[in-house]
Protein chains: 2
Amino acid sequence: MKLEGLAVNDNKGIQNSIISKIKELINYKNLEPGDKLPSERMLSDKFNVSRSNVRETIQKLEFYGILKSIPQSGTFIANIGAVAINGMVDDILRLEDPDFKSLVETRILLELKTVKLASLRRSEDDLKNIKEALDAYESKALSGEDAVQEDLLFHLAIAKASGNSTINTFMLTITPQIIIDFEKYHVCDKNQAVIGIKEHTEIYEAIKEQNPKLAKQKMKDHFSVLYQYCYKVESV
Amino acid sequence: MKLEGLAVNDNKGIQNSIISKIKELINYKNLEPGDKLPSERMLSDKFNVSRSNVRETIQKLEFYGILKSIPQSGTFIANIGAVAINGMVDDILRLEDPDFKSLVETRILLELKTVKLASLRRSEDDLKNIKEALDAYESKALSGEDAVQEDLLFHLAIAKASGNSTINTFMLTITPQIIIDFEKYHVCDKNQAVIGIKEHTEIYEAIKEQNPKLAKQKMKDHFSVLYQYCYKVESV
DNA sequence: TTTTATAAATTGGTTAACCAAATTATGCGG
DNA sequence: CCGCATAATTTGGTTAACCAATTTATAAAA
């Protein structure tokens with residue numbers, strides 16, 4: 001069997017349920033930041049769910065910085081205040097899956113920044129990596145093949161050169177979904193490859209010459225088509 | 001025991017090691033997008049690690065959209081091309097923990113966008129939520145107490161009103177670490193509370209009147225101190 | 001009473017056995 | 001050789017028992 005579409009694990013409901021119960025527990029027991037949560041066994045028993053589910057949920061809350069597990073010691077509430085805990089947990093519970101428009105909007109925002117930062121901070125190694133990604137994209141695009149991957153890798157190389165690890169992580173996070181959506185909505189089907197090469201090259205040159213203003217403008221031009229497409233697709 | 005500092009799980013090394021081996025396996029066996037990975041048992045056996053570790057690693061790669069687990073069927077490589085897989089996996093392996101400067105830089109970037117979007121898209125409910133957060137912050141700050149949590153919740157309320165779920169998620173992701181760093185570096189210790197109330201109120205008013213340009217400017221003013229502080233702390 | 005050494009209990013992490021669903025292999029009938 | 005029902009196998013997920021480190025309780029010694 002080959003995987004065609006994308007399936008989503010439906011354990012989100014269980015996790016959210018457990019998150020709610022943990023929140024109730026914290027409020028009911030008046031647990032303060034830094035306090036220890038009941039053990040995983042007690043929680044799974046009290047909530048009537050498997051300990052695996054409890055562990056997964058705790059790991060999720062760890063990702064958002066709400067909890068912190070210490071081996072052989074316990075799970076602790078982060079030192080960020082009860083008010084913030086409640087507010088953030090509510091936000092986490094209400095989080096919805098990102099739509100295409102929100103993804104593209106965010107990508108454009110991030111990349112107009114990374115290209116500026118890369119122009120200012122890029123090392124020689126960074127420049128070499130970007131050039132390699134550019135060449136790979138060019139040869140693939142000229143051959144007439146689909147070059148979405150090489151396209152995105154060029155942009156990721158710029159993100160890496162920005163020297164901002166947070167933005168770099170975020171770019172990595174949204175890239176796969178963007179690739180999938182691109183192919184789903186056939187964003188890059190046209191013969192925009194040749195245009196793309198020119199635009200990519202201009203961006204690269206601006207970064208090379210450490211001209212952040214020009215680099216941002218070239219990136220903006222590069223995104224102009226995508227921008228329109230994004231708001232067109234929205235209604236789909 | 002109360003948790004004071006922050007400890008980091010050192011299972012990152014094991015995970016990265018497994019990620020590398022999975023990457024090698026994909027390349028060695030010439031697995032294509034959509035193909036099925038060997039079962040968790042075979043991987044844990046071949047890599048000589050526990051199946052739990054394999055599962056955790058697979059979940060991490062699932063988060064980045066590289067893999068996809070289907071119950072009772074197998075783990076599949078996402079449909080995003082072998083080139084992109086290799087490039088992204090390399091990036092994931094090289095990812096470093098976010099530093100304070102990178103966090104603040106990203107936060108400012110995101111919030112200058114959310115405040116603009118919130119001005120354009122906020123519903124009446126959104127406005128009410130922001131107002132509530134503002135009032136909570138005001139009363140806490142006026143009492144002379146530490147109001148970092150209420151401060152951040154105000155900003156999160158704006159992020160929610162932006163209508164961009166991706167940025168909203170990102171804001172939630174970086175907020176806890178920002179709170180911790182703020183208290184660590186004593187960013188908000190001064191009597192900036194009164195100034196903060198004024199600035200927050202101005203931002204709120206601009207959003208209420210749906211004036212994105214003004215809102216962005218007010219947010220920029222609000223961040224001017226933080227901006228300087230960020231680049232000062234960098235050298236610490 | 002305080003201190004310290006020792007044992008019991010608790011903890012998150014790990015391992016292995018088990019489960020139900022999905023896949024694959026098998027073999028019968030045509 | 002093909003079609004199809006059935007059995008055997010494989011799969012990710014779940015459960016429970018186990019482990020080593022930590023914490024707490026206990027009591028002996030000062």
Notebook entry, point to check: For A/Val49 and B/Ser39, take the nucleotide of DNA chain D holding the closest heavy atom to each; which residue's nucleotide lies nearer the 5' end?
Noted result: B/Ser39
Quick one: [X] [atom1] to [N] [atom2], roughly how many Å, whole number?
{"X": "B/Gln59", "N": "D/dT14", "atom1": "CD", "atom2": "C1'", "result": "13 Å"}
{"X": "B/Lys68", "N": "D/dT11", "atom1": "NZ", "atom2": "P", "result": "19 Å"}
{"X": "B/Lys36", "N": "C/dT23", "atom1": "NZ", "atom2": "P", "result": "8 Å"}
{"X": "A/Glu40", "N": "D/dT14", "atom1": "CD", "atom2": "C1'", "result": "15 Å"}
{"X": "B/Met42", "N": "D/dG12", "atom1": "CE", "atom2": "C1'", "result": "15 Å"}
{"X": "A/Leu43", "N": "C/dG13", "atom1": "CG", "atom2": "P", "result": "13 Å"}
{"X": "A/Leu37", "N": "C/dT10", "atom1": "CG", "atom2": "P", "result": "17 Å"}
{"X": "A/Ile58", "N": "C/dG12", "atom1": "CD1", "atom2": "C1'", "result": "9 Å"}

Next item on the list: Enumerate the residue pairs fulfilling ring-ring contact (aromatic ring centres under 6.0 Å, His included) with a member in residues 48-67 of chain B, sequence neighbours excluded, ordered by first and then second residue.
Entry: A/Phe63-B/Phe63
Note to self: Can you tell me which nucleotide in D/dG12, D/dT14, C/dG12 comes closest to the side chain of A/Arg55?
What the structure shows: C/dG12
Note to self: Let me spell it out: for each of A/Gly74 and B/Asn53, pick the nucleotide of DNA chain C with the closest heavy atom. Which residue's pick is nearer the 5' end?
What the structure shows: A/Gly74
Has [X] got a side-chain N or O lying under 4.0 Å from the OP1 or OP2 atom of [N]?
{"X": "B/Ser52", "N": "C/dT15", "result": "no"}
{"X": "A/Ser73", "N": "C/dT10", "result": "no"}
{"X": "A/Ser50", "N": "D/dT15", "result": "yes"}

Residues in side chain to side chain donor-acceptor pair (under 3.5 Å) with [X], at least two apart?
{"X": "A/Thr166", "value": "B/Ser102"}
{"X": "A/Thr75", "value": "A/Ser69"}
{"X": "A/Asn16", "value": "none"}
{"X": "B/Glu40", "value": "B/Arg51, B/Arg55"}

Would you tabulate the pairs of protein nitrogen or oxygen atoms and nucleotide nitrogen or oxygen atoms of nucleotides 17-21 of chain D closer than 3.5 angstrom?
unit_1 : atom_1 : unit_2  : atom_2 : d
D/dC18 : N4     : A/Arg41 : NH2    : 3.1

Next item on the list: Could you name each residue pair satisfying salt bridge (charged side-chain N to carboxylate O under 4.0 Å, His left out) that touches residues 14-23 of chain B, not counting sequence neighbours?
Entry: B/Lys23-B/Asp90
Check: Of B/Ile58, B/Leu61, B/Val49, which is the lone residue that meets side-chain contact (heavy atoms from CB on, under 4.5 Å) with B/Ile18?
Finding: B/Val49
Every protein N/O lying under 3.5 Å from an N/O of nucleotides 5-7 of chain D:
none

Note to self: Restricting to salt bridge (charged side-chain N to carboxylate O under 4.0 Å, His left out), what partner residues turn up for B/Asp91, sequence neighbours left out?
What the structure shows: A/Lys160
Check: Between B/Phe170 and B/Leu110, is any pair of side-chain heavy atoms under 4.5 Å apart?
Finding: yes
